[in-house]
Amino acid sequence: MHLHGSSYPEQRLLYYHTRADSRPLLQYSELHSPPLSVSQLADRRGCTGDWTRQLFSGMSTMENKRKSTLRGALLALVLGHITAALEVPLDPKVLEGLPQPPTLTHQSPKDYIIDPRENIVIHCEAKGKPHPSFSWTRNGTHFDIDKDSKVIMKPTSGTLVIDISGEKAEAYEGVYQCTARNEHGTAVSNNIVIRQSRSPLWSKERNEPVLVQEGVPLILQCRPPAGLPPPIIFWMDNNFQKLPQNARVSQALNGDLYFSNALSSDSRSDYICYARFPHTQTIQQKQPISVKVLNMDAINETMAALLNDTDFFGEGPVGDRKPTFQVPTGASSTKTVLRGQVLELECIAEGLPTPEISWQKESGDLPSGRTSFHSFQKVLRIVGVTEADSGDYRCTARNRLASIHHIITVIVKASPYWISAPRNLILAPKENGVLICRASGKPKPVITWFMNGIPIENTPKDPSRKVEDDTIIFSDIQTGSSAVYQCNASNEHGYLLANAFVNVLAEPPRVLTQPNKVYQVIRNNPALLDCASFGSPTPNITWFKDSQTSVLDGDPYVFHKNGTLEIHVAQTLNSGKYTCVAMNSLGNKENHVFLEVKEPTRILKQPEYKVVQRSQHAHFECKVKHDPSLTPTMIWLKDDGELPDDERFVVDSESLTINDVTENDAGTYTCIMNTTLDQDSASAMLTVVEQPDPPTDLDLTDQGARSVQLTWISGDEHNSPIQKFVIQYEDALHWPGVWHNLTEVPGTKTTAHLKLSPYVHYAFRVLAVNWVGTSQPSYPSRQYKTDPAAPDDNPTAVQGVGTEHDNLVISWKPLSGLQSNGPGLQYKVIWRQKDVDKDWMSLMVANVSKFVVSGTPTFVPYEVKVQAVNDYGSAPEPQVHIGHSGEDLPLAAPDSVQVLVQNSSLAEVHWEPVPPSTVRGRLKGYKVYYWKEKSLHKHNPHHEEQQVLTFTGNKTHGKLPRLHPYSLYTFNVRVFNGKGEGPSSPNQRFETPEGVPGRPAFLRITNPNLDSLTLEWGPPSERNGRLTGYTLKYQPINNTNELGPLEELALPANETSFTLLNLRYSTRYKFYFNAKTIRGSGPMITEEAVTIMDEGYAAPPHPISPITVSLRPPFYKVRPVGPAFGNVSSTVRENDAVISWEYWGPDKNVYIEYIVENSKEEWKKEFVNGSQTYQIKGLKPGTSYKVRVVAKDQSDETVHRTEELLITVPATTSRQVDIATQGWFIGLMCAIALLILVLLIVCFIKRNKGGKYPVKEKEDAHADPEIQPMKEDDGTFGEYSDTEDHKPLKGSRTPSNGTIKKADSDDSLVDYGEGGDGQFNEDGSFIGQYSGKKEKDTAEGNESSEAPSPVNAMNSFV
């Protein structure tokens, strides 16, 4: 039964033709249908959508493109099946003469579906040495290519090309296998199954129209013919438009169209199922299916006519119903999928309303990243299936009535897959090796071994070979055992076949890396040093660096299996020469490479973001650091392109300057520093700004009596956002030509509602403001006049203040012209005395700002008002302000005045306030006048000027600070108001008690002596009482400015000088001096001074070598305070001089400077390292030198220097006769040496007997008082200590004149001699020793002052 007729033939076949002949691209099997192209068909059907173009995209490509596409697809498929192999290096030098069994490099896929319109190409490529020959089997038997003229084998290849033109492709279907062999073995390919692609015709059928009740589920079946490969199914209408699908209507995996519930909108006559066969590019269509969805009334009317008015379905429509699964059926099902394939689980449910589908895995979560949902959640797809994806999956269908579940149990099987495929094995004779063929699958695959294509059990026995399941073990392999082994792993789901050869070679090592290759890397980057090698047995690679003999091992080196040496993080110290040695049992080979580690290129200062005003210049800096051995290249880019060819762009070595910037210069500028090894780059943006353009198109709208709407169009911002708009107005009536600011609006607005005043002739203009500045004003708007009106505001700042005691001045701030609101502006002044008058008094005045009311009482409150009035009325009622009439001077003085003295500098005054009626004004406060009459000390009857302290408000007391102690003061108190002061209270006096005295007037130090100083001072100018005495404190200061113990003396008040005795000579002292009264001690005054040196110095009249000269500074009464030198002395010998000095300055950079006398050369300078003695070496004998000591500050400026010291180096006496050559002298020396030897022997014998040294015994028995150590307490001389280290001076003695020197003196050593005849060693000490002194005592110094005079010492020596 047809409800709608069909104009389509029963069967239509569409296929895509790829040959370059005249057959149409789209062809019907019915002859009466005209041939149409795809585009023509699309145009006829109105197919202009993207989906239609995608559908036929594969059918509109030219033949040559299709051929290349097919070949690329086949190549990709084949490459996926190539077995990885361990390759022999392809270096021609290595390959030359090197035997190799066959290795397959290219073969067709196992399942090869061919296009019946194309030649059949079955690939089989292999390599080997010698080149292999090829043969084929078909369906397990030898395929004789020569007997079939349609089959050609490509030269040097096993690839077959079968020409099927004029033949049926079915004749060449079958299972093919390729064999590649040479004298070293045989490799075989996979079984290649050749099948012809098929696109069978749809079986002829006649589809009856489908009638369905609204709300009932519906299934439209497609049932396409089985093709090879299976077709792709889709549903379209007559116009080749894709039928809409959703959660209610969707296509199942089998191609059927499912309706969860039918709607009346589903009625149509062109439900057409299409099948596209991808290999033949053929599209077939099923006969259209007509569907009509009827509601209950239509069904009953139709069926009643057919069935004698009997109701067919019933009276009511289909109601809501719970979900029911359409696919799959039942509560559970099972799905089997192979590992690595795509798992698709489908659930389609019907119900009303339409059920929603959801998925979950019972035993865990769905795999992340591999799971997707399709067909409106009805299909769950998991790609790359693994064993972990097996388990139960729950599909849930739910609507508002109920939910149902279906469990799908997924079983994951696996065809064999490699765990470890066998690899080519290159062995040397007598070596051992292993071939491993390890595969997995489900079920577990069976491993079968072949050798040269023959089952291994059928090959000759080889004692060096042992097969153990998936492993072949080779032991002590022999020459001639080369072969190709095949491993087959198979189970019920498929198989794997791998070829691996065993090549028995004996080759010495060869290093393939280029010799003396230089590697350059950037520091902190990895360095890879190659050492590609070949040999059999496989060479061992070792590395050496530079001339080291030890093998490189451990950090930072990493050794790769291919011989490459890697340094993960290369550093500068890794640079150098590296040697790799390849070694096996047949020899060794070495190669040298070089590594250079370079400093990285870094941009130290990157260009910065610039905002520049137009016509100014922009400057970008790009300072770079790079390795000096690399040649850098600086490149600047603008917006990732080249800089404009413009002379305004100036590129320097480290900068880019753009002069006279324009708007087109804005953009991103990048500096790139390139070297041959690395680069660094940095970018910055340039924004060109300027003040905005003025607004335009001003317009006035919404005009009112007191307001208007102003709109405008914003001008160009010039890259700087407009911050605000300033609206100005001109009042042509009151101030023509003058523009005033009216208001401001944000920069985001271009409209403003303006509040206006009456009686103004307005014109408006707008200015734009951005970060750069303010634009030019816009053109003025048209004039807008407002009508006059009564004033809106009254004057402000109204106040009433009297200027005289009998008047009141009422003042105000007049209204502006805008505030007048009309002509005839006047002011109504209104006033009355507060709390006295009931009626207001008023007066109209002209446009002024004040009015004076006369004859008022003194200082009484008034209420005042000022109201604005013009010709159009009065302003609102004004506000009342309180004012006062004028003030007069107070009449009374404060009473009960008394003073309380708090201390010597503070007193407190008290008084009673005056009666308010006598103030006659606003009370401002009280003033205390006070002055110092005199000091109570007879020496300071000082008078001071009068002082005033003001205490605001109604105070009754106040304090007088900073008074002078021990003084007489007079004071009085007065009240004051706004007019002035009243009468003063009677004068009163008070005395302040004594206080601490001030600082002494001065402190001078005079008459410095060796051990005493005289101090003179003046009494304090501010005694502040009766002096009771003075306190003197003092302490010494050493050369490092450290303070010694503090001494304290009390001095009487009537003294002005004091001599301080028993001081140390040549010592700096610090003094602290202050006065005191009964109240305590006053502030101190400090001073410093130095005691003088010993005056017993006398210069030697005829100095002999060694010569000692002392330069003494002049005596000062007061030693200068601050850095200074003192007491410079020298000791001169034949070619050097020792200089000693005193220095206590803060600057530690002390130098010795010297120069030849009368020379014009520069002074020579030598630094002194913290000492106060220095030896100048290398002086010329017989030459006079000027020497000085200087101190310099941190800037190397001389701040102190001594006077110049003149020293003369004695000349060396020339000898006329060399005494060493005289015979008598030689004999004398021999006799003396013999005598000394005898004496030593005698002394040694006596010492061993325990006897004392004779001289020591005499010294113990007869002590010479002149050479005994003297004690300080009895006036005798003890030890001498120099200024530097205070060590005892050897050889010192008491002067014969009895002068006693201070122990702490650091004066010249000559000062303590008896005439300068003493001899000194290099450190300045005496070298004379009295006869008989033991060596041990001499060396140790004995810590005493025992020493004879130098004359006695010389006598004892002689």
Side-chain angles (χ1 to χ4, degrees), residues 511-533 541 543-548 552-560 562-581 590-610 618-647 649-658 667-686:
V511 177
L512 308 179
T513 301
Q514 176 184 352
N516 298 319
K517 186 175 181 180
V518 178
Y519 294 87
Q520 292 182 335
V521 298
I522 296 297
R523 181 169 56 83
N524 294 328
N525 285 341
L528 295 171
L529 308 183
D530 294 329
C531 186
S533 65
I541 305 298
W543 283 90
F544 301 87
K545 184 176 185 296
D546 296 331
S547 58
Q548 299 175 6
L552 297 181
D553 189 18
D555 286 338
Y557 304 106
V558 176
F559 302 92
H560 294 274
N562 62 355
T564 298
L565 173 65
E566 179 178 359
I567 304 173
H568 278 313
V569 184
Q571 301 298 326
T572 305
L573 56 86
N574 298 131
S575 298
K577 175 183 177 183
Y578 289 79
T579 302
C580 79
V581 178
E590 69 177 28
N591 188 44
H592 305 292
V593 295
F594 297 88
L595 175 62
E596 296 177 357
V597 180
K598 307 293 185 179
E599 289 297 315
T601 302
R602 290 292 178 265
I603 295 179
L604 302 180
K605 185 175 183 180
Q606 299 184 356
E608 299 177 350
Y609 172 71
K610 299 288 184 181
H619 183 73
F620 293 103
E621 284 188 312
C622 187
K623 294 187 177 180
V624 183
K625 178 183 178 183
H626 62 87
D627 192 283
S629 65
L630 300 178
T631 302
T633 303
M634 174 73 77
I635 300 174
W636 285 90
L637 303 178
K638 178 183 184 293
D639 297 329
D640 296 329
E642 294 183 357
L643 291 179
D645 186 11
D646 193 330
E647 62 182 7
F649 290 78
V650 180
V651 178
D652 292 328
S653 59
E654 292 183 338
S655 66
L656 168 65
T657 302
I658 308 173
T668 300
Y669 290 83
T670 304
C671 72
I672 303 175
M673 175 60 77
N674 286 312
T675 67
T676 55
L677 296 181
D678 68 339
Q679 73 170 29
D680 197 10
S681 64
S683 299
M685 181 176 290
L686 172 63

Q. Any side-chain heavy atom of T572 within less than 4.5 Å of one from E599?
A. yes

**Q.** Straight-line distance of H626 NE2 to Q679 CD, nearest 0.5 Å
**A.** 14.5 Å

Q: Working to the nearest 0.5 Å, report the span between CG of L512 and CD of Q514.
A: 12.5 Å

Q. Measuring from N525:CG to Q520:CD, what's the distance to the nearest 0.5 Å?
A. 13.0 Å

Q) Can you name the residues that form a side-chain contact (heavy atoms from CB on, under 4.5 Å) with Y519, not counting sequence neighbours? A) T513, K517, L529, D530, V593, L595

**Q.** W543 side chain vs T564 backbone, donor-acceptor pair below 3.5 Å
**A.** no

Q: Keeping to residues at least two apart or across chains, list the salt bridge (Lys or Arg N to Asp or Glu O under 4.0 Å) pairs with something in residues 624-644.
A: none

Q | Between CG on residue L643 and CG on residue L656, distance to nearest 0.5 Å | A | 6.0 Å

Q: May I ask you to test the Y557-N574 pair for a side-chain heavy-atom distance under 4.5 Å?
A: yes

Q.
Measuring from atom CG of L686 to atom OH of Y609, what distance do you get when rounded to the nearest 0.5 angstrom?
A. 8.5 Å

Q) Can you find a heavy atom in the side chain of C671 that is under 4.5 Å from one in the side chain of M634? A) yes

**Q.** Atom pair CD/CD1 of E596 and I522 - distance to nearest 0.5 Å
**A.** 11.0 Å

**Q.** Heavy-atom side-chain contact between V521 and P526 under 4.5 Å
**A.** no

Q: Begin from the C-alpha positions of V624 and D680 and carry the test side-chain contact (heavy atoms from CB on, under 4.5 Å) through to its verdict.
A: CA-CA 9 Å; V624 183; D680 197 10; over 6 Å; no

Q.
Contact between L565 and F559 at the side-chain level, heavy atoms closer than 4.5 Å - yes or no?
A. yes

**Q.** Heavy-atom check, side chain of T601 versus side chain of P632, under 4.5 Å
**A.** no

Q) Between P607 and A684, which heavy-atom pair has the shortest distance, and what is it? A) O-CB, 3.4 Å

**Q.** Smallest separation among heavy atoms of C580 and V511, with atom names
**A.** SG-CG1, 4.4 Å

Q.
Quick check: closest heavy atoms across T670 and S681, and the distance to 0.1 Å?
A. CG2-CB, 4.2 Å

Q: For residues Q571 and R523, determine if any side-chain heavy atom of one lies less than 4.5 Å from a side-chain heavy atom of the other.
A: yes

Q | Check: S655 main-chain N/O paired with K623 side-chain donor or acceptor under 3.5 Å | A | no

Q.
List the residues meeting ring pair (Phe, Tyr, Trp, His ring centres under 6.0 Å) with Y578, not counting sequence neighbours, and say none if there are none.
A. none

Q) What are the two closest non-hydrogen atoms of F620 and E608, and how far apart are they? A) CE2-O, 3.3 Å

Q | Shortest non-hydrogen contact between I541 and C531, atoms and distance | A | CG2-SG, 4.0 Å

